[in-house]
*Asks:* 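Questions regarding the structure given below will be posed in turn.
Being a predicted model, the structure only gives us computed values, none of them experimental. All values below come from the heavy atoms of this structure, side chains included, with hydrogens, waters and symmetry mates left out.
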Amino acid sequence: MGTTGHLTAATAHLHPPRTRRAFGTAKKLVAAYGALSAAVLITVAVLALTGHQVTSFMWGRSGGVLASAAVIYWMTVLAARGTRWAYLRVRILSVLMPIVIVGIDMIPGVCPPWFALIQAVSAVPLAAAAFLSNGSQLRAAFPKGS
């Protein structure tokens with residue numbers, strides 16, 4: 001399947017400038033989530049290398065959150081190209097992940113307060129992407145039945 005440069009009926013709804021801008025912003029927000037998640041993992045690594053106490057939860061959590069950022073970014077790129085299933089998953093994950101991040105970090109004794117705080121900060125751009133991906137502009141690009 002090659003590309004011919006022509007719009008297909010399935011992807012024509014993705015080409016209005018406002019829709020392209022919205023997807024561009026969503027990709028930037030998810031990339032910021034990834035960058036902040038990487039910063040959390042780097043912080044955990046530096047602390048471990050300098051002899052500070054770092055738990056296996058902190059390693060696993062920061063690595064898992066970074067992995068989720070990579071997956072969500074990939075799905076956002078696919079959604080911007082017209083893949084409906086990817087768009088639906090971006091809508092769901094961009095809402096759920098910030099809730100899960102903050103919710104788990106609020107469990108007493110699970111992690112130190114500084115870790116919970118920087119994890120919550122890393123989730124802020126993804127929460128912003130949730131508002132954008134669930135907004136009317138991008139929903140209109142993927143009408144039901146498309």
Side-chain angles (χ1 to χ4, degrees), residues 1 3 7-8 10-144 146:
M1 278 174 54
T3 58
L7 295 179
T8 65
T11 62
H13 56 277
L14 296 171
H15 293 283
R18 288 182 56 208
T19 303
R20 287 196 316 255
R21 272 194 306 276
F23 271 120
T25 301
K27 286 191 274 188
K28 288 175 188 172
L29 288 167
V30 175
Y33 165 63
L36 290 168
S37 299
V40 173
L41 183 58
I42 291 168
T43 301
V44 169
V46 168
L47 288 173
L49 291 171
T50 58
H52 293 84
Q53 183 179 355
V54 176
T55 66
S56 59
F57 171 83
M58 292 163 62
W59 279 108
R61 178 62 180 270
S62 53
V65 170
L66 179 58
S68 78
V71 170
I72 295 170
Y73 186 82
W74 170 68
M75 286 189 286
T76 304
V77 169
L78 290 178
R81 293 179 185 163
T83 307
R84 182 175 171 74
W85 68 262
Y87 168 69
L88 294 174
R89 282 156 183 82
V90 168
R91 283 184 66 188
I92 293 166
L93 288 172
S94 64
V95 170
L96 287 181
M97 284 304 296
I99 294 168
V100 169
I101 289 169
V102 172
I104 290 174
D105 288 342
M106 290 179 67
I107 298 171
V110 169
C111 58
W114 66 266
F115 183 79
L117 179 65
I118 61 174
Q119 284 270 290
V121 168
S122 76
V124 170
L126 190 57
F131 282 102
L132 185 60
S133 65
N134 285 284
S136 60
Q137 181 65 39
L138 292 184
R139 276 195 334 257
F142 293 96
K144 289 186 180 186
S146 65

*Asks:* The test is side-chain contact (heavy atoms from CB on, under 4.5 Å); show your working for S94 and N134 and say whether it passes.
*Replies:* CA-CA 9 Å; S94 64; N134 285 284; 4.2 Å; yes
*Asks:* Would R139 and K144 satisfy side-chain contact (heavy atoms from CB on, under 4.5 Å), going step by step from the backbone distance to the final call?
*Replies:* CA-CA 9 Å; R139 276 195 334 257; K144 289 186 180 186; over 6 Å; no
*Asks:* Would you please name every residue forming a side-chain contact (heavy atoms from CB on, under 4.5 Å) with V46, sequence neighbours left out?
*Replies:*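 Once residues adjacent in sequence are excluded, the partners of V46 under the side-chain contact (heavy atoms from CB on, under 4.5 Å) criterion are I42, T50.
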*Asks:* Rounded to the nearest 0.5 Å, what separation is found between the CE atom of M58 and the OG1 atom of T43?
*Replies:*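 Atom-to-atom, M58:CE and T43:OG1 are 9.5 Å apart.
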*Asks:* At what distance, to the nearest 0.5 angstrom, does CH2 of W85 lie from CG of L78?
*Replies:*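 Those atoms lie 5.5 Å apart.
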*Asks:* Could you give the distance from CG (L47) to CD (Q53), rounded to the nearest 0.5 Å?
*Replies:*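 Rounded to the nearest 0.5 Å, the CG-CD separation comes out at 11.0 Å.
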*Asks:* Taking all non-hydrogen atoms of both residues into account, name the closest pair between C111 and F57 and its distance.
*Replies:*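 In terms of heavy atoms, the two residues are closest at CB-CE2, 3.8 Å.
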*Asks:* Between atom OG1 of T19 and atom CD of Q137, what is the distance when rounded to the nearest 0.5 Å?
*Replies:*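 The CD atom of Q137 is 4.0 Å from OG1 of T19, to the nearest 0.5 Å.
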*Asks:* Classify the angle between the aromatic ring planes of Y87 and F23 as parallel (below 30°), tilted (30 to 60°) or perpendicular (above 60°).
*Replies:*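 Aromatic pair Y87/F23 classed perpendicular.
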*Asks:* To check you understand the geometry: which heavy-atom pair defines the closest contact between L138 and S133, and what is its length?
*Replies:*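 Of all heavy-atom pairs spanning L138 and S133, the closest is CD1-CA, 3.9 Å.
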*Asks:* Could you go step by step and tell me if R61 and V40 meet the side-chain contact (heavy atoms from CB on, under 4.5 Å) rule?
*Replies:* CA-CA 10 Å; R61 178 62 180 270; V40 173; over 6 Å; no
*Asks:* Heavy atoms only: give me the nearest A123-I101 pair and the separation to one decimal.
*Replies:*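 So the minimum-distance heavy-atom pair works out to CB-CD1, 4.0 Å.
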*Asks:* Do L88 and F142 have side chains that approach each other closer than 4.5 Å (heavy atoms only, starting at C-beta)?
*Replies:*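 Result no, sub-4.5 Å side-chain heavy-atom pair not found.
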*Asks:* Would you kindly say whether S68 and Y33 are connected by a side-chain donor-acceptor distance under 3.5 Å?
*Replies:*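 Yes, Y33 and S68 have a side-chain donor paired with an acceptor closer than 3.5 Å.
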*Asks:* To the nearest 0.5 Å, what is the distance between CG on L66 and CG on L41?
*Replies:*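 If I round to the nearest 0.5 Å, the distance is 6.0 Å.
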*Asks:* Specify the closest pair of heavy atoms between L93 and P98, including all atoms of both residues, with the distance to one decimal.
*Replies:*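 Shortest heavy-atom contact: O-CD, 4.0 Å.
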*Asks:* When you look at L126 and L29, which way does the side-chain contact (heavy atoms from CB on, under 4.5 Å) test go after all the steps?
*Replies:* CA-CA 6 Å; L126 190 57; L29 288 167; over 6 Å; no
*Asks:* First locate atom OG of S122, then atom CG of L36, and finally report the distance between them rounded to the nearest 0.5 Å.
*Replies:*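 It is 6.0 Å, given to the nearest 0.5 Å.
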*Asks:* If the condition is side-chain contact (heavy atoms from CB on, under 4.5 Å), which residues does K27 pass it with, not counting sequence neighbours?
*Replies:*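 Residues passing side-chain contact (heavy atoms from CB on, under 4.5 Å) with K27: Y73, T76, V77, A80.
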